[in-house]
Amino acid sequence: MKEIRTRYAPSPTGYLHIGGARTALFNYLFAKHNNGKFIFRLEDTDVSRNVEGGESSQLDNLAWLGIIPDESPLKPNEKFGKYRQSEKLDRYNEIINQLIKEDKAYIAYDSSEELEQQRKEQEAKGIISFRYDRNWLKISQEEKDKRFKNKEYSVRVSLPKNKDYAWNDLVRGKISVNTDEIGDWVIKKSDGYPTYNFAVVIDDHDMEISHVLRGEEHITNTPKQLIIYDLLNWEPPQFGHLTIITNMEGKKLSKRDLTLKQFIEDYKNDGYIPQAIFNFLALLGWTSGNNQEIMSKEELVNIFDYKRLSKSPSKFDITKMNWFSKQYMKNENNQNLINKLNFDIHVNDEWKEIFVDTYKQSCSNIKELQENLKIFNLDLEPLKDKSNKVVKEFIHQLSLVEFSIEKIQEAINKTKEITRENGKNLFMPIRLATTNLEHGPELAKSIYLFGKEKIYKRLGI
Ligand code: GLU
């Protein structure tokens, strides 16, 4: 059987987005589930849109998530050619020239004004989606020569007439498109670069890609790509188109929406646990089949099945993301967390350990944990009103024992016994009286973390 090879092929036009990360993740899971290879390559021919550091940002953020490609521009396998499109121009030109020679593609000399004219004429005739008519034939040879010399031409593929191209989409089932709905399209632009729909075919073929999972915005591109496979007598990979990710209102995520953190970098900077994001992303448009939600990378690899990819859009729910991250924070090693925190207060190792162990239970990320440290920097004002019976009893009980977590707990228990209050009526007054906060993690530990001196001063012990 042929090796399963999948790929993620971003353009280095920006940082790694949630959507891109999810595409990479599904391709990764698909490959790894089948003992195959996951490839990272770069579509960097739209030179004007490339951003500095785009490639490394993509790779670094994927690595942070735990998605390490088997092959990439940094780890190429010579057998499959180059992993950046900008380094493959000779290869694309070789195929383009072959197609021209075989009359499967031709040079088109239209200027942008002439194309605009064509577009308008078609619009006037009520044709909605533009289809190129072979206008170049109308130009004189002399004009053609001039434009050729000035490099004012592109290359278009010559489509077979009225031919259906169909594929069995891994997510959506059979999709079929007729060439008459497409029209001859550009495979090489006047700037000398190949277009995406052309280059991607050469890349997928050269790299022996077996399966392509990508965003649904590419559904309309797939027939164009199938045409190229057909013209070159190549076997296409199997395609699956993932549904969109929406915000909570059901609108497609827009990178310009600044109210939502959409870049993996944002989560990295806030100190989220990468395994949690990996887990969360896997469930953005896919289900485990048994309602299980918390799954390690190994478990996900084991049970991944493209048949459970969702056919409807998936909502990006930050509350759920935080919930996932919380579950992972709880299990995170204390020392790892301690190493990531900046303790600008003077505390010993025991204190750090108790702090992290207590507060990680309720935090989604390191940034939140760090925020909680601030509480201990503040001074506690002496408590003014001690009239509440729970408070009064607790102060009394606390004054009788030594200041340790167990003894503070005992004082709370005694207070409960004597006042016969429990739950909120017990904890809330004690918490407010001691820490001046309404909410927090385990009460005895919270009190202990403030330290004997501050708590005694506040309670007047
Ligand atoms: N660079 C394209 C994108 O980011 C890749 C499309 C594909 O996977 O074929 O959408």
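As the structure lists them, so they are numbered: ligands from 1, and atoms in each ligand from 1. Position 1 is the first residue of the sequence; numbering continues from there.
Within the structure, ring pair (Phe, Tyr, Trp, His ring centres under 6.0 Å) pairs that include any residue of residues 201-237 comprise Phe30-His211, Tyr196-His218, His205-Trp234 (at least two apart or interchain). Residue pairs meeting the salt bridge (Lys or Arg N to Asp or Glu O under 4.0 Å) criterion with at least one partner in residues 323-343, sequence neighbours excluded, do not occur; the list is empty.
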Show me a pair-per-line table, with atom names and distances to 0.1 Å, of protein N or O atoms that are under 3.5 Å from an N or O of ligand 1.
| unit_1 | atom_1 | unit_2 | atom_2 | d |
| --- | --- | --- | --- | --- |
| ligand 1 | 1 (N) | Ala9 | O | 2.8 |
| ligand 1 | 1 (N) | Glu43 | OE1 | 2.7 |
| ligand 1 | 8 (O) | Arg7 | NH1 | 2.5 |
| ligand 1 | 9 (O) | Arg7 | NH1 | 3.4 |
| ligand 1 | 9 (O) | Arg7 | NH2 | 3.0 |
| ligand 1 | 9 (O) | Tyr196 | OH | 2.6 |
| ligand 1 | 9 (O) | Arg214 | NH1 | 2.9 |
| ligand 1 | 10 (O) | His218 | NE2 | 2.7 |

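Note: Tyr109 and Tyr153 have tilted aromatic rings, judged against thresholds of 30 and 60 degrees for the angle between ring planes. Ring orientation note: the planes of His241 and Phe239 are close to parallel, at an angle under 30° on the 30°/60° scale.
Asp44 is linked by a salt bridge (Lys or Arg N to Asp or Glu O under 4.0 Å) to nothing, counting only residues two or more places apart in sequence or in another chain.
In this structure, the ring of Phe376 has its center less than 6.0 angstrom from the ring center of Trp351.
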